[in-house]
Amino acid sequence: MNKAMILNPTRPVWPGFSSSKSLCGDANCMEQLLLHCANAIESNDATLAQQTIWVISNLASSDGDSTQRLASSLLRALISRAATRSPAFSFLSAAPVSQETLHRFSVIELASFVDLTPWHRFGFIAANAAILDAVKGYSSVHIVDLSLTHCMQIPTLIDSMATKLINKGQPPPLLKLTVVLAESPPPPLLGISYEELGLKLVSFATTRNIAMEFRIIYSSYSDGLSSLIEQLRLDPLVCNEALVVNCHMMLHYIPHETLSSSRSFFLKELRDLNPTIVTLIEEDADFTSSNFISRLRSLFNYMWIPYDTADTFLTCGSEQRQWYEADIGWRIDNVVAKEGAERVERLEPKSRWFERMREAEFTGVGFGEEVGREVKTMLEEHASGWGMKKDVDDNDDVERFVLTWKGHSVVFASAWVPISRVDGALSYIEA
Amino acid sequence: MAPVELENSSTVSGDASGVSSTGNLNPPPKKKRNLPGMPDPGAEVIALSPKTLMATNRFVCEICNKGFQRDQNLQLHRRGHNLPWKLRQRSAKDAVRKKVYVCPVSACVHHDPSRALGDLTGIKKHFCRKHGEKKYKCDKCSKKYAVHSDWKAHSKICGTKEYRCDCGTLFSRKDSFITHRAFCDVLAEESAKNQTNKLYPQPELKSPPAAAAPLTPPNVSAETEPVKIASPSVRSSSESPNPLEVIMEEAPRTIGFNVSSSVISDDDRSGNNNCTPRTIGFNVTSSGLSGDHTSNNNNNNGIYAGLFSSSTSSPSLYASSTPSTSLFAPPSSSMEPISLCLSTNPSLYVGPTTIQDPHPPPHFLTPLSLPPPQPAMSATALLQKAAQMGSTGSGGSLLRGLGIVSSTSSSMELSSHDLGLGLLPPCSSGGSGGSGLKELMMGNSCVFGPKQTTLDFLGLGRAVGNGSSNPVGGGLSALLTSIGGGGGMDVFGTAGEFPGKDIGRSL
């Protein structure tokens, strides 16, 4: 095993600042406590578990700094796990973190919510640019929007189509939007029906002179969206129609190998539909380990980011912040306390997604310089910790973008086209 | 479960000597640590002093006293004085090792190496912004900045671009404006009433683009709603009572399965509005989800007022002085459009989609919120206390005060504090682990012998069960060692390595 490097035990003491030994807002300390607690739970050591839970509960707080709030959420999830999974902890009762307690956003609330930080807008900008570029010249554009944010990406896409796809008096293409309605979608939860949502989008498109159709398909991520694929196969071929599949932070809900092979299978089926372009935007973290302690560690090293960014834009105690953090809490609970099919938050790192895409016979396309500029301009309007880095993947030399917070990777954006199978030679499918 | 071997325990004491304990300009000897979650586990962690971080021009010309941020720049300047100068080449060895920087403020999130920032400028700006004094003030609005470049960047955009929605909300960015407009009720009602589009100059909408003709000419026209719902009228006009609206009223305010919703398949598109609901994959039933369908809009004022009302308690750059202003909520038709008091105080621009301060105010001067409550006791003290409480054979009694123990458990009565220190009187078996606690408190490390560490560090060497023979000394004091003394004993392996194999059990 790697040599465990041990940090110098005495931190430098600067005049005017309190020694770190007197308090423990220290992230590392919190992490160690949580890991010990997790281990105690894992090994059914009720005593040690209780002791660590007690210690952590005195340090963590849902009103504290980002480390404390993260710890509070993780602790709750640990307790929930212990209470529901181990007979040794039957004395614990966990307040269930269920969807009923989560806020249901109205469309307007959701619209402003997605712009509180660049978390989603980053992906929207990159994906829309790639989509627009790919659908030039088509008279009909069919977008399958698999998005966590319930079509919040679409208005700006419609607007761009209206302004950029008009060519010498030619009207803009017909827009067909297909969305998937799953039985119990993850947060953020939408408070109106998809029909209503669709109506609003269609009227908006109308105001921008875009003819639009909206369709809802019921399908489930847990079975790899098989009903969606089935329906898409049944769609009659329309001449000069582009098929766009926009995957914004949803594909990770399709189970991966530890549960079933649906994830790769879905991508292969997708490839068989010959889409014009597939955009894949996901959070860059790894929650796939079958060992929950590893997952806890990954959580600790990623989920501090949403708590930290919340500090920059949401007042402590505000309702918005409660909603935001409740949603994060739900995800954390899912990763820590749930197993099997119930555990749906299966984020995997960028490199693995890219492997899957390549296996499914897709090849990456880069984003242009202009997109980079647009993203950077957008980032300037947000807190200064946000950044963007360009990332060239070794395997395909394609330059992609990654959203960063204080230097740490948050979300990656990528675009893909199918590799042609004709004559065994690899080439891109031309429009 | 395999006990964890710590092979490097001997290095703990090794680095202690070089630490400078005064706030001088010399950075302490560099510490090496593998950083979990960091992309570069081999990065060097550097902790600079506050003075260094605040200093802008550390390199000063001896002739004219002009200051420079980088030595290279100073050297180039010295040429002008005809002084000897030397530009250092970056050796290949130096260039390779990545450096990351931590914040010297111990309570700060970035004090921890795993939250280190990747570049020097970043850590300097962070330190200045969060822990420094705001000396620069915008003259157009009341925002203050600690970092000069932040202030400059803000002044450039302050008051420049504005997008205003009919509902009164202001946006500084076009995309957030567009997203809002797509869903803003005020707008929808306007355009429905007028049937012509006032917002955009509208060239005549040609009837169906020729290329799309193959399938569905009727649906392409702008007037009819292509979204198919099993109701006769699909026009959302505010004049006629709209069956669609009726459906919306009844619908549970959730994403659920509505009887009225249907899958729109291509078969149905031949202009037949009375399409049979056809589902794929699921049975459509009206789900009994929470159906509290009070109007969203009426609640919105209250929802976002929270963002503003705190202004009375703490001074905040984000506060509005008119508590009833609600930026995000479109008023329902019964309410007047809310407009921002643009003229009175530009600092009312609040929220993400309005012209906002792109840089967070440093917590310590203008708290956006009250400072986070500090724990009453340190981790070390808490661990000690927990150790003293010893074995709690009656399950859950230690945690009684926290409200996480099920009522069916038989446990001793405790004074119930809310998440407080529900302390048990020390129990019999509460040996406080003894050995080395005192040393821990004084900051010495290396109190553990390898044997104790490997066996009891995780408390794994003991029998499964309710801590019957709880060698509290073992489990918790080892934890104490790691927290109080070791300050981060990375038991679970290093970055990138999942400890699955160490811990042994997978799920």
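The sequence lines fix the lettering, A, B, ..., with proteins before strands; numbering per chain opens at 1. Bear in mind that the values here come from a model prediction, so they are computed numbers and not experimental data.
- Scanning both residues, A/Pro155 and B/Ile178, for their nearest heavy atoms gives O-CG2, 3.6 Å.
- Summarising the geometry of A/Gln51 relative to B/Ala387, their closest heavy-atom pair is NE2-CA, 4.5 Å, with the distance given to 0.1 Å.
- For A/Phe124, the ring pair (Phe, Tyr, Trp, His ring centres under 6.0 Å) partners two or more places apart in sequence, or in a different chain, are A/His248.
- Shown here for B/Ala386 and A/Val55, the closest heavy-atom pair between the two residues is CB-CG2, 3.9 Å.
- Nearest approach of A/Glu381 to B/Arg173, heavy atoms of both residues: CG-CD, 3.4 Å.
- Note that OG of A/Ser203 is 10.0 Å distant from CZ of B/Phe183, once rounded to the nearest 0.5 Å.
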TODO: Go through the steps to decide whether B/Leu383 and A/His36 satisfy the test side chain to side chain contact (heavy atoms under 4.5 Å, CB included), and finish with yes or no.
DONE: CA-CA 12 Å; B/Leu383 281 164; A/His36 275 79; over 6 Å; no
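- Taking every heavy atom of both residues into account, B/Ser176 and A/Asp115 meet most closely at CB-OD2, 3.2 Å.
- Although no hydrogens or angles enter the test, the distance criterion places a donor-acceptor pair under 3.5 Å between the side chain of B/Asp112 and the main chain of A/Asn28.
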TODO: For side chain to side chain contact (heavy atoms under 4.5 Å, CB included), just list the numbers for B/Asp175 and A/Asp159, CA-CA rounded to whole Å, side-chain angles, deciding distance to a tenth of an Å, and then say yes or no.
DONE: CA-CA 9 Å; B/Asp175 40 20; A/Asp159 186 72; over 6 Å; no
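- Going from atom NE2 of A/His408 over to atom CZ of B/Arg115 covers 7.0 Å, rounded to the nearest 0.5 Å.
- No hydrogens or angles considered: a donor-acceptor pair under 3.5 Å links the side chains of A/Arg121 and B/Thr179.
- Proximity of A/Asp308 to B/His110: side-chain heavy atoms (C-beta onward) are separated by under 4.5 Å at one or more points.
- Neither the backbone nor the side chain of A/Ile56 comes within contact range of chain B, judged by heavy atoms closer than 4.5 Å.
- Proximity to chain B is absent for every atom of A/Asp223, based on heavy atoms less than 4.5 angstrom apart.
- Here OG of B/Ser114 is found 8.5 Å from CH2 of A/Trp304. Values are rounded to the nearest 0.5 Å.
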